[in-house]
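Order of appearance sets the numbers: ligands from 1, and atoms from 1 within every ligand. Note that the structure is a prediction, hence the values are computed from the model and not measured. Along the sequence shown, residues are numbered consecutively beginning with 1.
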Amino acid sequence: MELVTRTTDVRQLHPFFVGEVTGTDLRALDEHGIDEIRSMMDRYAVLVVREQPFADAEQVEFARRLGGGEIVTKVGRSVIDHAARLTEPGMTDISNLDENQQIIARDDRRRMYSLGNRLWHTDSSFQNPIARYSMLSAKEVPSAGGETEYADMRAAYDALPAALKAEIEELRAFHSIIYSRSTIGFTDFSDAERAQFPGAEQPLVRVHPGSGRTSVYLASHASHVIGWPVPEGRILLRELMALATLPQFVYRRTWRTGDFVIWDNRCTMHRGLPFDEATQRRDLRRVTTVDVAPTAVRV
Ligand code: OGA
Ligand code: MN
């Protein structure tokens with residue numbers, strides 16, 4: 001399908017979601033152009049914009065304009081990485097590189113922590129307010145592997161059997177990054193780090209204020225269902241995760257240098273795929289905005 005807007009051209013890359021924008025420099029958009037990007041985000045949930053030569057500070061500035069709110073700072077590797085390769089405030093390092101631009105060792109704690117990004121998740125679901133938009137800029141990409149997959153939680157909700165929709169309608173789940181990391185055997189958090197991440201309750205079903213669409217709201221951070229016995233809730237969450245990430249709801253992005261991808265954390269999940277980290281460099285840089293106006297729960 002083809003849609004033409006005033007400043008940009010958009011092509012839909014997946015039957016349910018993901019728009020690809022060409023012919024625009026996001027740094028040069030006026031307020032109307034930024035509004036157009038917001039409407040495209042409401043519709044496509046993920047936007048791929050090719051050939052964006054953002055400097056780090058420009059990427060943070062773009063996020064500030066788009067999100068209208070604060071930039072999330074204590075997320076991703078920066079939580080545990082005190083060496084900080086990237087110095088721009090608000091920039092999260094999603095690379096496999098250290099402060100000397102060298103590939104991080106296989107058993108480095110920063111790598112262990114970052115491996116959590118291989119699990120399906122949505123950013124900052126373990127915090128309140130959650131993340132609204134995350135945006136990744138691809139500076140260096142592996143020659144094979146290291147793709148990012150996105151799942152459309154609106155389409156997943158639409159496809160749920162009516163009885164399951166009714167069952168989860170009022171439920172809330174507890175999200176914790178300490179929990180999600182523990183499922184892959186990363187338990188090496190200090191008391192101070194644990195104290196930073198008490199976790200958060202989130203509704204299992206949300207209505208997106210921009211599109212009016214209903215979505216499941218899931219992540220590997222979701223530990224249990226509030227008010228349910230833990231094993232019972234965890235089984236339900238696993239079943240929902242499996243349904244929400246069926247191949248028909250998933251788009252896989254093979255990165256090219258210069259790609260800029262924006263996703264809406266309120267209605268999509270994502271995960272990174274493996275690559276040969278011993279020999280390949282992958283330098284992606286992320287900025288994330290806070291969901292300033294709380295996402296509406298079912299009205
Ligand atoms: C992120 C993330 C996955 C990847 O940037 O938030 O989860 O493919 N990235 O690196
Ligand atoms: Mn993420």
Side-chain angles (χ1 to χ4, degrees), residues 18 45-49 52 54 56 59-60 62-63 67 71-81 85-86 88 90-97 103-104 110-127 130-153 175-177 179-181 183-184 186 197 200 202 217-222 241 244-245 250-257 259-277 280-291:
V18 190
V46 177
L47 275 188
V48 174
V49 194
Q52 297 303 298
F54 277 114
D56 290 356
Q59 185 178 341
V60 173
F62 173 75
I71 306 289
V72 177
T73 48
K74 282 276 167 245
V75 284
R77 198 174 109 182
S78 55
V79 169
I80 60 145
D81 181 5
R85 183 178 73 100
L86 305 178
E88 182 63 35
M91 182 63 80
T92 299
D93 199 347
I94 309 290
S95 77
N96 66 335
L97 307 174
I103 293 178
I104 285 179
R110 290 169 292 189
R111 176 164 182 271
M112 297 300 102
Y113 183 85
S114 299
L115 281 171
N117 284 342
R118 303 263 179 95
L119 305 174
W120 281 112
H121 67 283
T122 181
D123 293 334
S124 297
S125 68
F126 49 87
Q127 285 174 334
I130 61 169
R132 180 181 291 187
Y133 302 123
S134 286
M135 51 211 85
L136 273 178
S137 185
K139 306 294 180 193
E140 259 187 286
V141 302
S143 55
E147 302 92 341
T148 302
E149 287 189 331
Y150 295 91
D152 185 346
M153 292 199 278
H175 292 237
S176 158
I177 194 161
Y179 167 73
S180 58
R181 290 321 193 244
T183 66
I184 53 168
F186 186 106
F197 296 110
Q202 306 293 355
Y217 185 73
L218 294 164
S220 56
H221 306 306
M241 284 293 274
T245 56
V250 174
Y251 170 75
R252 178 180 296 182
R253 181 66 192 171
T254 301
W255 290 97
R256 303 190 198 189
T257 302
D259 275 0
F260 187 68
V261 177
I262 315 171
W263 65 89
D264 190 324
N265 285 294
R266 298 168 291 186
C267 57
T268 60
M269 283 192 284
H270 60 280
R271 66 169 177 183
L273 296 185
F275 61 103
D276 181 2
E277 287 190 64
Q280 299 274 308
R281 300 166 65 85
R282 183 177 191 256
D283 185 352
L284 303 184
R285 303 181 186 190
R286 191 183 101 195
V287 184
T288 293
T289 67
V290 168
D291 188 23

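- Here the closest heavy-atom approach between residue Ala45 and residue Thr268 is recorded as CB-CG2, 3.6 Å.
- Atom numbering of ligand 1 starts at 1 in the shown order; those under 4.0 Å from a heavy atom of Asn117 are 2 (C), 7 (O).
- The shortest heavy-atom contact between Leu218 and Met153 is N-SD, 3.4 Å.
- Of all non-hydrogen atoms in Gln280 and Phe275, the two that sit nearest each other are O-CE1, 3.6 Å.
- Under a cut-off of 6.0 angstrom, the local environment of CZ in Arg256 is sparse, with at most 12 non-hydrogen atoms contributed by other residues, nucleotides or ligands.
- Restricting Asp123 to its N, O or S atoms, the one at the least distance from the Mn ion (ligand 2) is OD1.
- For Phe126 and His121, the ring centers sit 6.0 Å or farther from each other.
- No part of Tyr150 comes within 4.0 Å of ligand 1, judged by heavy-atom distances.
- Shortest contact from atom 9 (N) of ligand 1 to any protein heavy atom: Ile94 CG2, 4.0 Å.
- Heavy atoms only, all atoms of each residue included: Asp259 and Thr254 are closest at OD2-O, 4.0 Å.
- Set against the non-hydrogen atoms of Arg286, the atoms of ligand 1 under 4.0 Å away are 1 (C), 5 (O), 6 (O).
- Ligand-side atoms of ligand 1 in range of His121: 7 (O), range being under 4.0 angstrom from any heavy atom.
- In the vicinity of Leu136, heavy-atom distances shorter than 4.0 Å reach the ligand 1 atoms 5 (O).
- The N, O or S atom of His270 with the smallest distance to the Mn ion (ligand 2) is NE2.
- Within the listing of ligand 1, atoms 3 (C), 4 (C), 8 (O) sit less than 4.0 angstrom from a heavy atom of Gly272.
- On a distance-only criterion, Trp263 and ligand 1 share no N/O pair closer than 3.5 Å.
- Asn117 and His270 form no side-chain donor-acceptor contact under 3.5 Å, judged by distance and modelled atom types alone.
- Taking 4.0 Å as the cut-off between side-chain N and carboxylate O, Glu277 and Arg111 count as a salt-bridged pair.
- By the criterion of a heavy-atom distance under 4.0 Å, the side chain of Asp123, and not its backbone, is placed next to ligand 1.
- Every atom of ligand 1 with a heavy atom of Thr148 under 4.0 Å away is listed here by number and element: 4 (C), 8 (O).
- Ionic pairing of Arg286 and Asp123 is present here: one or more N-O contacts between side-chain nitrogen and carboxylate oxygen are shorter than 4.0 angstrom.
- Shortest contact from atom 10 (O) of ligand 1 to any protein heavy atom: Arg282 NH1, 2.8 Å.
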